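Take a look at the structure below.
Model, not experiment: these values are computed from the prediction.
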Amino acid sequence: MGVRGGSAGLIVLVVIGLAAFSSSLFLNLRICFATPESPRQTIPQSIYAADSLNGLSGSQEHYVVVVGVMSALDHFELRQQWRSCIMKQAHAQKAKVVFLLGDKECHNNSKTPFPSLGCRTSDPGAVLTDSALLRRVRAEAAQHKDIVLLDMVDVYRNLARKLKLFYKWASDNVKFDFTMKTDDDSWLNLELLVPALEQEQPRDKLWLGKFKSDLTVARFGKSKEPDYGASKYPTFARGVGNVLSADLAHWIGRNADLLHEYQGEDVSAGIWLSALDVVYKYNIRFHSFSCKNNMFSEPQVPLDKLQLYCNNYAKCRRVCNCTGESPGANWPAAPPARHNIPFEFPEGRN
């Protein structure tokens, strides 16, 4: 009886642990087995509000990469800095860069637990569709033709929705080999990135970036996760180094309205894609936390630093400086590409 009782207890613990994990992945697994011929789900056409405004849709040109830049409604200066510098590389490098914005503004987010992050959309008058800020953004979109307005309130808590609607928009409107997600307060070097992507073979279910594994799920604070049941997140790519092969981007776009939105866009992508046999390819040149002349991207770059990078690059094609030794000549060796199984990536703030 003692042995049987111990075995029964062990079985119960295993079942409870599996239930916590499988409950979060059930939806992904259901989507995973859908056939490519399955009818696309209906997403409101207003996610393409910018298309009729600035002619972004319907392009027949084939791009190596479509870059979706997460921006905020009032980040006019950062967007202009991108246009004056980073985006000038796009056409020559067979890349398309668009800014991603919600087409609605939150009026009462001061009433939320973390005021700058969410919006009490149920309150009367909370969601604005024709504010002075939105009119300015629409005028900017009409002038520059590089903004996609998505059907959502533009707040931090909706970044997962913004990400999946980007994949939906790109899949429906652009021909591409890869997509990249980044932020407007970051540096991106398309002249280095695009040739590297052109060399990538094979391109099936390929996810490129600087990855994080086994991040503990937060239950309190700014990053509180109320919906994901497991104790740790699946592997995901960090912020501004997040490149998907076309098949993965199309999969998310096709299933956008079935995929649950978790507390952050990066961890959401990790959860969505954990149902697939993804190939992770780690590259330390993404998401560098210190300036390297041959980095692909650097996150959290203030406007004045971004201007300095742009000035340096225009002057000498080097980001960090135009004199002295070149930072970033020797990067640590990257681990080999791995399939969707638990494994460790090198850490550190390179």
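Counting heavy-atom neighbours within 6.0 Å of Glu77 CD, excluding the residue itself, gives a total of 12 or less. Heavy atoms from other residues, nucleotides or ligands lying under 6.0 Å from CZ of Arg136 number 12 at most.
Salt bridge status for Arg203 with Asp247: absent, with no side-chain N to carboxylate O gap under 4.0 Å. Using a cut-off of 4.0 Å between Lys/Arg side-chain N and Asp/Glu carboxylate O, Glu198 and Lys94 are scored as salt-bridged. Salt-bridge formation is detected for the pair Glu265/Lys181: a Lys NZ or Arg NE/NH1/NH2 atom is positioned less than 4.0 Å from an Asp or Glu carboxylate oxygen. Using a 4.0 Å cut-off between charged side-chain N and carboxylate O, Arg138 and Asp130 make a salt bridge. The pair Lys305-Glu298 meets the salt-bridge criterion, with a side-chain N (NZ, NE, NH1 or NH2) lying under 4.0 Å from an Asp/Glu carboxylate O. Under a 4.0 Å N-O distance rule, the pair Glu140/Arg135 does not qualify as a salt bridge. Contact check on Lys104 versus Asp151 returns a salt bridge, with a Lys/Arg side-chain nitrogen under 4.0 Å from an Asp/Glu carboxylate oxygen.
Phe211 and Tyr282 have tilted rings, their planes meeting at an angle from 30° to 60° on a 0 to 90° scale. In this pair, His287 and Phe289 present their aromatic rings perpendicular. The plane angle is above 60°, beyond the 30 to 60° band.
Screening Asn294, Asn293, Leu197, Val319 against Leu192 for a side-chain contact (heavy atoms from CB on, under 4.5 Å) leaves a single residue, Asn294. Screening Asp185, Val301, Asn311 against Leu306 for a side-chain contact (heavy atoms from CB on, under 4.5 Å) leaves a single residue, Val301. The only member of Val279, Leu244, Leu276 that meets side-chain contact (heavy atoms from CB on, under 4.5 Å) when paired with Trp207 is Leu244.
Taking the ring centre of Tyr156 as origin, the terminal cationic atom of Lys222 falls inside the region bounded by 6.0 Å and 45° from the ring axis. Remark: Arg318 is not positioned above the aromatic ring of Tyr313, lacking an NZ or CZ atom under 6.0 angstrom from the ring centre and at most 45 degrees off the axis.
Residues Gln93 and Val64 form no side-chain contact, since every pair of their non-hydrogen atoms from C-beta on lies 4.5 Å or further apart. Counting heavy atoms from C-beta on, the side chains of Leu101 and Val137 come closer than 4.5 Å. For the pair Leu163/Trp272, a side-chain contact is recorded, criterion being any heavy-atom separation below 4.5 Å from C-beta on. Here the side chains of Phe99 and Arg83 are in contact, with some heavy-atom distance below 4.5 Å. Using a 4.5 Å heavy-atom cutoff, the side chains of Tyr233 and Tyr262 are not in contact. At a threshold of 4.5 Å between non-hydrogen side-chain atoms, the residues Lys210 and Asn242 do not count as touching. For the pair Arg254/Ser171, no side-chain contact is recorded, criterion being any heavy-atom separation below 4.5 Å from C-beta on. Counting heavy atoms from C-beta outward, Val65 and Thr179 have side chains that stay 4.5 Å or more apart.
The side-chain contact (heavy atoms from CB on, under 4.5 Å) search around Leu308 returns Asn312, not counting sequence neighbours. For the ring pair (Phe, Tyr, Trp, His ring centres under 6.0 Å) test, no residue two or more places apart in sequence or in another chain qualifies with Phe236.
One side chain, Lys232 or Thr216, offers a donor N or O that lies under 3.5 Å from an acceptor on the other. Ser213 and Thr235 are linked by a side-chain donor-acceptor pair at a separation below 3.5 angstrom, with hydrogens and angles left out of the test.
Proximity of a side-chain donor or acceptor of Trp187 to a complementary backbone N or O of Pro299 within less than 3.5 Å is not detected.
Both Val127 and Val155 are assigned to one and the same hydrophobic cluster, defined by single-linkage of ILVMFWY side chains at heavy-atom distances under 4.5 Å.
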